[in-house]
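Everything below concerns the one structure shown next.
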Amino acid sequence: MTWLRRGEGVITWGVAAECRTSGEARFSDASTWWRNVVRVAAVADEVEVPGSGLICLGSFAFADEPGDSVLVIPRVVVGRRGDRFWVTTIGSAAVETPRLETQDAPEPPVNLVFADGALSGAEWEGVVWEAVLHLNAGELDKVVLARDLIATADAPIDVRWPLRRLGSEYEMCWTFHVDGLFGATPELLVRREKGLVTSRVLAGTIRRTGDDEHDLTLAATLARSSKDLEEHEYAVRSVAEALEPYCTSMNVPETPFVLHLPNVMHLATDVAGVAHDSGASVLELAAALHPSAAVGGTPTKLAVEMIAEIEGMDRGRYAGPVGWMNAHGDGEFGIALRSAEIDGARVRLFAGCGIVAGSDPEAELAEAQAKFVPVRDSLAGA
Ligand SMILES: C=C(O[C@H]1C=CC=C(C(=O)O)[C@@H]1O)C(=O)O
């Protein structure tokens, strides 16, 4: 498993224990399981930085139904924070320090072919039209609709190949791999670190052209676009409202900044708060925030119902929380965007867009295509 950003984070091997769960109680099941593990664990942590000591990594389904979720305690963790490096071993009996051996470099996927997933592009545009009709009728303010692509190779794909590329090309994102779900997400649902709670909210997107000067003009257009600012405002409000009960004070900037990624630019807001003594873990905070308006919509309940009704596919763990947590309940959960599920020689890629009353289905399809780019390119040959 992997959780990395700018070369910092953890890479893990093996499984010491795991909790598989599903349904509405998936977050509380996993939280209870983790608390029980922590209660009986003997932890020797000589490093004491985020990610050292006993940790688990998890990936959760977007929807209550269908979809499976998992929390995994790895056997071996190799971590880095700043100039500190460490190895953690975890087991139910005495554990030996593993020998860390250099592995062969991964090979690229062989003869990779892409095909539409549940819906073709044209069919998906039809679904977006349908949503726009509902939005214009005032039934809801925003709904996020996604689609999938299927990539098939001639032989099983080594996930280290796309992970290396994502890690180096999307440095400002969190590169992850948990139980077959991998990607590089630009959106941090929540981080809890020593009483400080932070969240990076994204919503509002413009595609990059490859011409830096032109992209700067586009960034300025994005920062002034009322459609995108409105969409962004919904997302920030949903995060601030969900975090409020857990924080004594909060800082919610009034204006977003533009986050530049190699494929797209987003309106972004970093929300920060001081956690009060409720002791809610980062996983409990992630459960309270999910699904934010960046992946569900506004109002949440209606948007999630509409997604189930018209989207035409099972999201699985795409757009669900993915991340790690330690024995104190500190950790980071991102939203599993710009992601894919790998199963042998087959990869299922996901991308979605926030739809509001003024959305143009053709433009949304182009935006979804741009959001497939990180994983799509990461699978390409050398
Ligand atoms: C749902 C996705 O992106 C979300 C995150 C950032 C910007 C978004 C947007 O502008 O539509 C989406 O809400 C995705 O990448 O699959």
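FYI, the numbering just counts along the sequence from 1. Note that the coordinates shown come from a computational prediction; the quantities given were computed from them, not determined experimentally. Atoms within a ligand are numbered from 1 in the order they appear, just like the ligands themselves.
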Ligand-protein N/O pairs under 3.5 Å (ligand 1):
residue	atom	partner	partner atom	Å
ligand 1	3 (O)	R338	NH2	3.3
ligand 1	10 (O)	G204	N	3.0
ligand 1	10 (O)	T205	OG1	2.4
ligand 1	10 (O)	E231	OE2	3.4
ligand 1	11 (O)	E231	OE2	3.3
ligand 1	11 (O)	G354	N	2.7
ligand 1	11 (O)	E367	OE2	3.3
ligand 1	11 (O)	K371	NZ	3.2
ligand 1	13 (O)	A294	O	2.6
ligand 1	15 (O)	R338	NE	2.6
ligand 1	15 (O)	R338	NH2	2.8
ligand 1	16 (O)	Y318	OH	2.6
ligand 1	16 (O)	G352	N	2.7

In residues 344-354, what donor-acceptor pairs under 3.5 Å come from side-chain atoms, sequence neighbours left out?
residue	atom	partner	partner atom	Å
R348	NE	D148	OD2	2.7
R348	NH1	D314	O	3.3
R348	NH2	D148	OD2	3.1
R348	NH2	D314	O	2.7

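- Looking at every heavy atom in both residues, V38 comes nearest to A327 through CG1-O, 3.6 Å.
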Quick one: side chains of residues 293-303, donor-acceptor pairs under 3.5 Å with protein atoms, not counting sequence neighbours, listed by atom name and distance.
residue	atom	partner	partner atom	Å
K301	NZ	E305	OE2	2.9

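- A salt bridge between D179 and R20 is present, with a side-chain N of the basic residue lying under 4.0 Å from a carboxylate O of the acidic one.
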Identify each donor-acceptor pair in which a side-chain atom of residues 105-122 lies under 3.5 Å from a protein atom, sequence neighbours left out, and give them as a table.
residue	atom	partner	partner atom	Å
N111	ND2	D154	OD2	2.5
D116	OD1	R147	NH2	3.2
S120	OG	E123	N	3.1
S120	OG	E123	OE1	3.4

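- Under a cutoff of 6.0 Å and an axis angle of 45°, R26 and F60 do not form a cation-pi pair.
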